[in-house]
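As the structure is a prediction and not an experimental result, all values here were calculated from the model.
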Amino acid sequence: MPRFFVNEIDKENIILTGSNANHIGRSLRMKTGEEITVCCCGFDYNCEISKITDDTVFLKLKEKIRCASEPDIEVTLFQAIPKLDKLEYIIQKSVELGVSHIVPVLTRRCISRPNDKDFNKKLSRLNKIAEEAAKQSGRGIIPDVKSIVSYKNSLEQIKKLDKTIFLYEEQGGKNFSELNFENTRTIGLFIGSEGGFDREEAQAAFDMGAEQVWLGKRILRCETAPITAMSILMFLTNNM
């Protein structure tokens with residue numbers, strides 16, 4: 001069933017306009033009586049098309065249910081900025097796996113160092129990738145890709161989270177299986193770029209309460225690590 005996302009909804013009068021309406025009427029060539037799903041804030045509104053005009057689709061609500069594919073944890077991926085093609089891949093796959101927010105972070109060892117102006121020009125494309133991945137994977141929300149933040153700013157953000165996981169390749173970290181997720185609702189996940197994190201950056205995160213975690217003896221590429229970590233995290237929190 002086709003899925004369409006909105007930011008707010010009136011279940012007594014559900015309508016779709018703009019690009020959503022155009023896609024339904026012109027691209028999909030849907031007709032009165034066919035069914036679609038409207039997604040809003042983690043809920044699925046299964047609807048039947050009652051009327052279509054040139055710019056508006058009118059819908060009749062059949063069922064409202066919580067989106068079964070949405071995890072019950074909220075994961076923010078703090079991704080040290082890799083090259084753009086790798087970032088696009090990370091966004092796509094992490095959205096499919098259940099991430100809620102993606103925050104690109106500028107760290108000392110980032111090879112790619114776009115300025116705010118240049119990166120913001122690409123932000124709409126990155127969020128479009130997140131939207132397409134959300135639709136493809138049946139998500140109930142569209143995870144958002146934020147503007148670049150400094151490493152210092154990213155550490156400030158973790159103060160609001162229940163738990164922060166910091167992937168760091170040096171010995172001394174925990175395995176994922178050793179982490180306690182009881183009463184954990186919001187999680188931050190830090191992943192390095194091609195050059196990883198330096199020791200001072202890692203220590204600053206640990207001083208803020210982040211838990212050092214490593215993924216074993218093999219060093220993973222920066223685009224492989226978030227996919228691996230997200231998969232393990234969703235499995236351990238019963239969100240697969």
Set of side chain to side chain donor-acceptor pair (under 3.5 Å) partners for Asp116, sequence neighbours left out | none
Evaluate the criterion side chain to side chain contact (heavy atoms under 4.5 Å, CB included) for residue pair Ser147 and Leu123; output intermediate values, then yes/no.
-> CA-CA 7 Å; Ser147 297; Leu123 198 54; 3.5 Å; yes
Is Lys86 salt-bridged to Glu194, cutoff N-O under 4.0 Å?
-> yes
Taking the side chain as every heavy atom from C-beta outward, state whether Ile9 and Ile14 have any pair of such atoms under 4.5 Å apart.
-> yes
Return yes when atom CD of Glu178 has more than 12 non-hydrogen atoms of other residues, nucleotides or ligands closer than 6.0 Å, and no otherwise.
-> yes
Show me the donor-acceptor pairs, under 3.5 Å and distance only, between side chains in residues 37-57 and residues at least two apart or in other chains.
residue: Thr37; atom: OG1; partner: Asn46; partner atom: OD1; Å: 2.9
residue: Asp44; atom: OD1; partner: Arg3; partner atom: NH2; Å: 2.9
residue: Asp44; atom: OD2; partner: Arg3; partner atom: NH2; Å: 3.4
residue: Asn46; atom: ND2; partner: Glu63; partner atom: OE1; Å: 3.2
residue: Ser50; atom: OG; partner: Phe58; partner atom: O; Å: 3.1
residue: Thr53; atom: OG1; partner: Asp55; partner atom: OD1; Å: 3.3
residue: Thr53; atom: OG1; partner: Thr56; partner atom: N; Å: 3.1
residue: Thr53; atom: OG1; partner: Thr56; partner atom: O; Å: 3.3

In plain terms, say whether Glu131 and Lys135 are close enough for a salt bridge, that is, a side-chain N and a carboxylate O under 4.0 Å apart.
-> yes
Close side-chain approach of Leu16 and Ile36, heavy atoms under 4.5 Å = yes
Non-hydrogen atoms of Ala202 and Tyr151 that approach each other most closely = N-OH, 4.2 Å
Can you hop from Leu87 to Leu189 via hydrophobic side chains spaced under 4.5 Å?
-> yes
With the side chain counted from C-beta on, respond yes when Ile90 and Leu77 share a heavy-atom pair under 4.5 Å apart, and no when they do not.
-> yes
Hey, would you say the Phe197 and Phe166 ring centroids sit under 6.0 Å apart?
-> yes
Min side-chain heavy-atom separation Ile187-Asp162 under 4.5 Å | no
Grab the two heavy atoms, one from Gly192 and one from Cys222, that are nearest each other, plus how far apart they are.
-> O-CB, 3.5 Å
Which atom names give the shortest non-hydrogen contact between Cys67 and Gly138, and what distance separates them?
-> SG-O, 3.5 Å
Mind checking whether His101 and Glu74 have side chains closer than 4.5 Å, heavy atoms only?
-> yes
Check ion pair Arg125-Glu88 (N to O, under 4.0 angstrom) = yes
Please check if Val99 and Ile148 belong to a single hydrophobic cluster, counting links between Ile, Leu, Val, Met, Phe, Trp and Tyr side chain heavy atoms closer than 4.5 Å.
-> yes
Would Phe190 end up clustered with Leu215 when hydrophobic side chains under 4.5 Å apart are linked, directly or stepwise?
-> no
Would you indicate whether Arg109, at its atom CZ, is surrounded by more than 12 heavy atoms from other residues, nucleotides or ligands within a distance under 6.0 Å?
-> yes
Check whether any side-chain heavy atom of Ser94 lies under 4.5 Å from a side-chain heavy atom of Gln79, and answer yes or no.
-> no
Within-4.5 Å side-chain heavy-atom neighbours: Glu211 and Ile165 | no
Between Glu96 and Ser137, the two heavy atoms sitting closest are CA-OG, 3.8 Å
Minimum heavy-atom distance between Phe5 and Arg139, given as atom pair plus value = CZ-O, 3.3 Å
Evaluate the side-chain proximity of Arg113 to Ile81: yes if any heavy-atom separation is below 4.5 Å, no if none is.
-> no
Given the rule that I, L, V, M, F, W and Y join up when any side-chain heavy atoms are under 4.5 Å apart, are Leu84 and Ile102 in one cluster?
-> yes
Are Tyr168 and Val103 in one and the same hydrophobic cluster, where Ile, Leu, Val, Met, Phe, Trp and Tyr link if side-chain heavy atoms are under 4.5 Å apart?
-> yes
Would you please say whether a donor-acceptor pair under 3.5 Å links the side chains of Ser177 and Asn175?
-> no
Could you tell me which residues satisfy salt bridge (charged side-chain N to carboxylate O under 4.0 Å, His left out) with Lys62, sequence neighbours excluded, listed by chain and number?
-> Glu35
Minimal non-hydrogen separation, Leu233 against Val75, with atom names = CD2-CG2, 3.8 Å
